[in-house]
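I have placed the structure first, in the form of structure tokens, so that the comments after it can refer back to it.
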Amino acid sequence: MFQYNLYSMGLAQSSKQNCGQDASLAAAIYLHVPFCVAKCRYCDFYSAPFDGPTAMAYVRAAGMELQSNASHLSQPPRSIFVGGGTPTSLGHRMLGRLLEALAPYRGSETEFTVEANPGTIDPVMAATLAEAGVNRVSLGVQSFHDDELAALGRIHTADQAHLAVALLRQAGLANIGIDLMYALPRQTMHSWRESLAQAAGLGASHLSCYALSFEPQTPLGKDLAAGRAVEMDESMQKDLYYAAIESAEAAGMEHYEISNFASAGRRCVHNLTYWRNESYLGIGPAAASYINGERRTNHSDLQGYLATITDGRPAPAGSESLSGRRLMAETAMLGLRMTEGLCRQAFESRFSQDILSAFPRSTSRYIQLGALEASPQRLAIAKPFLFVADTILADIVAEA
């Protein structure tokens, strides 16, 4: 079963898209805002309750960290993604200041995304985003059914999701992505299809559909362990997953990544950087960077982050270097998330070895099973096997 939990991540959408070269400078910025109005019951991302003075200190510190790392950025970056947490929980004044700190790094073609909870969008917030040059908003809707939203601990209602889209459009923000979740407690095929239909009816330019994951330390995870919640049967989850593909494609969207769909020209440029295993810069507590083969992850410690950045020191972080077969496996794992598959030429140019010869045991096994499709140009997961992509990808990593 496939479950995906990655920070959610202008380019010509051509056949070259998955054959790009690894950049030595970061072509993407991820800025993590560690505040929420309330923590959702399933969420294990790092965040803290909103506090005005602490949030203002964070805004200043994030600007300082960004400035001190500017030398690691390509000019301009292809994408900027402000995620969380809930960036819009900062309110329009503080969020405006944070977005202003990003302005010097934004080019005319830079994809500039801000994540938002529908319950935090009002006319002033929508105008703030537009005036700051944001050109893409990712709305965490998750469901268009109020009972399902309540079970997840979301702070918004279905009506607020509809209103948020309308307000963003009135402010001139046309590129709106919607995140939905399936395998929710008491969710049915009927309610899932209704949520998918409402997302399509709102004209979303991008759709992400992820299965609910019961992370152990979250309230929902604890409910599962105590028997107060039951995980949906895997066969039902599979049916819901393929219903999402059917619905999105019927709405004219391209299924371009295991859990992601986009209308023409609206693939998420930021997430493409992750899936190509290219360099990116992370700013804020818990944010990760990947530059020159080194992955550096800031500690999930807001107070420690504020203290060190304010003192002029780098954010406290852990790091690891990726090289050799480990780097090859991660590049293959991420590239195979794309439905068009991994570009074999790009892989061989980068590692001086073809993907099939690099991982012969895994690739030959799954090609024989029909789960992997190989052509001279690409290696891709066959559509009927996308739901079990985790198993295929894990075997490639294990072989490394």
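Quantities reported herein were computed from a predicted structural model and do not represent experimental measurements.
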Counting distance only, does the side-chain N/O of [X] pair as donor-acceptor with the main-chain N or O of [Y] below 3.5 Å?
| X | Y | result |
| --- | --- | --- |
| N69 | H72 | no |
| E294 | S321 | no |
| H255 | E257 | yes |
| H145 | S191 | yes |
| Q160 | T157 | yes |
| D311 | A307 | no |
| N298 | A286 | no |
| S47 | C36 | no |
| S364 | R361 | yes |
| H156 | V141 | yes |

Just verifying a value: how many Å separate [X] [atom1] and [Y] [atom2], rounded to the nearest 0.5 Å?
| X | Y | atom1 | atom2 | answer |
| --- | --- | --- | --- | --- |
| Q237 | L212 | CD | CG | 8.0 Å |
| L167 | L173 | CG | CG | 11.0 Å |
| L184 | Q142 | CG | CD | 8.5 Å |
| I245 | C209 | CD1 | SG | 9.0 Å |
| R378 | R344 | CZ | CZ | 11.5 Å |
| L90 | F35 | CG | CZ | 6.5 Å |

| task | Determine, step by step, whether Y366 and D395 satisfy the side-chain hydrogen bond (donor to acceptor under 3.5 Å, both in side chains) criterion, reporting the C-alpha distance in whole Å, the side-chain angles of both residues, the deciding distance to 0.1 Å, and the verdict. | result | CA-CA 10 Å; Y366 286 112; D395 281 355; 2.4 Å; yes

Between [X] and [Y], is any pair of side-chain heavy atoms under 4.5 Å apart?
| X | Y | result |
| --- | --- | --- |
| F50 | V33 | no |
| D146 | D159 | no |
| I258 | T339 | no |
| L102 | L66 | yes |
| D179 | S138 | yes |
| L356 | L379 | yes |
| T113 | V137 | no |
| I309 | R313 | no |

Taking the six-membered ring for Trp, are [X] and [Y] ring centroids under 6.0 Å apart?
| X | Y | answer |
| --- | --- | --- |
| H270 | Y280 | no |
| Y210 | Y182 | no |
| Y305 | H32 | no |

Salt-bridge criterion met for [X] and [Y] (N-O under 4.0 Å):
| X | Y | answer |
| --- | --- | --- |
| E278 | R78 | yes |
| R326 | E320 | yes |
| R267 | E340 | yes |
| E115 | R136 | no |
| D147 | R186 | no |
| R295 | E330 | yes |

| Of L73, T110, V82, which is the lone residue that meets side-chain contact (heavy atoms from CB on, under 4.5 Å) with I29? | L73

| said: Assess the residue pair N260 and L207 against the criterion (side-chain contact (heavy atoms from CB on, under 4.5 Å)); give the C-alpha distance rounded to whole Å, side-chain angles, the decisive distance to 0.1 Å, and a yes or no. | reply: CA-CA 6 Å; N260 285 271; L207 180 66; over 6 Å; no

Count the heavy atoms belonging to other residues, nucleotides or ligands that lie under 6.0 Å from [atom1] of [X], then report whether that count exceeds 12.
| X | atom1 | answer |
| --- | --- | --- |
| R97 | CZ | no |
| K39 | NZ | yes |
| Q67 | CD | no |
| R93 | CZ | no |

| field | Steps toward side-chain hydrogen bond (donor to acceptor under 3.5 Å, both in side chains) verdict (R266, Y256) | value | CA-CA 10 Å; R266 297 300 198 185; Y256 75 102; over 6 Å; no

| field | side-chain hydrogen bond (donor to acceptor under 3.5 Å, both in side chains) between S143 and E148, worked out | value | CA-CA 7 Å; S143 171; E148 293 175 357; 2.6 Å; yes

| said: In this structure, would L220 and V230 fall into the same cluster of hydrophobic residues linked by side-chain contacts under 4.5 Å? | reply: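 No, separate clusters.
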
| Out of T120, N117, T128, which residue meets the side-chain hydrogen bond (donor to acceptor under 3.5 Å, both in side chains) rule with T88? |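 Result: among T120, N117, T128, T120 is the only option passing the side-chain hydrogen bond (donor to acceptor under 3.5 Å, both in side chains) with T88.
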
| task | For L168 and A126, work out which heavy atoms get closest and say how close. | result | CD2-CB, 4.1 Å

| request: Start with the C-alpha distance between S205 and N175, add both sets of side-chain angles, then the distance that settles side-chain hydrogen bond (donor to acceptor under 3.5 Å, both in side chains), and finish with yes or no. | output: CA-CA 6 Å; S205 56; N175 190 2; 2.6 Å; yes

| query | With distance as the sole criterion, is a donor-acceptor pair present between the side chains of D44 and T218 under 3.5 Å? | reply | no

| message | Between Q198 and H162, do the side chains contain a donor N or O and an acceptor N or O under 3.5 Å apart? | response |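 On atom types as modelled, these side chains qualify, holding a pair under 3.5 Å.
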
| query | Do R41 and E215 pass the salt bridge (charged side-chain N to carboxylate O under 4.0 Å, His left out) test, and can you show the C-alpha distance, the side-chain angles, and the key distance before you say yes or no? | reply | CA-CA 10 Å; R41 302 191 73 248; E215 301 299 332; over 6 Å; no

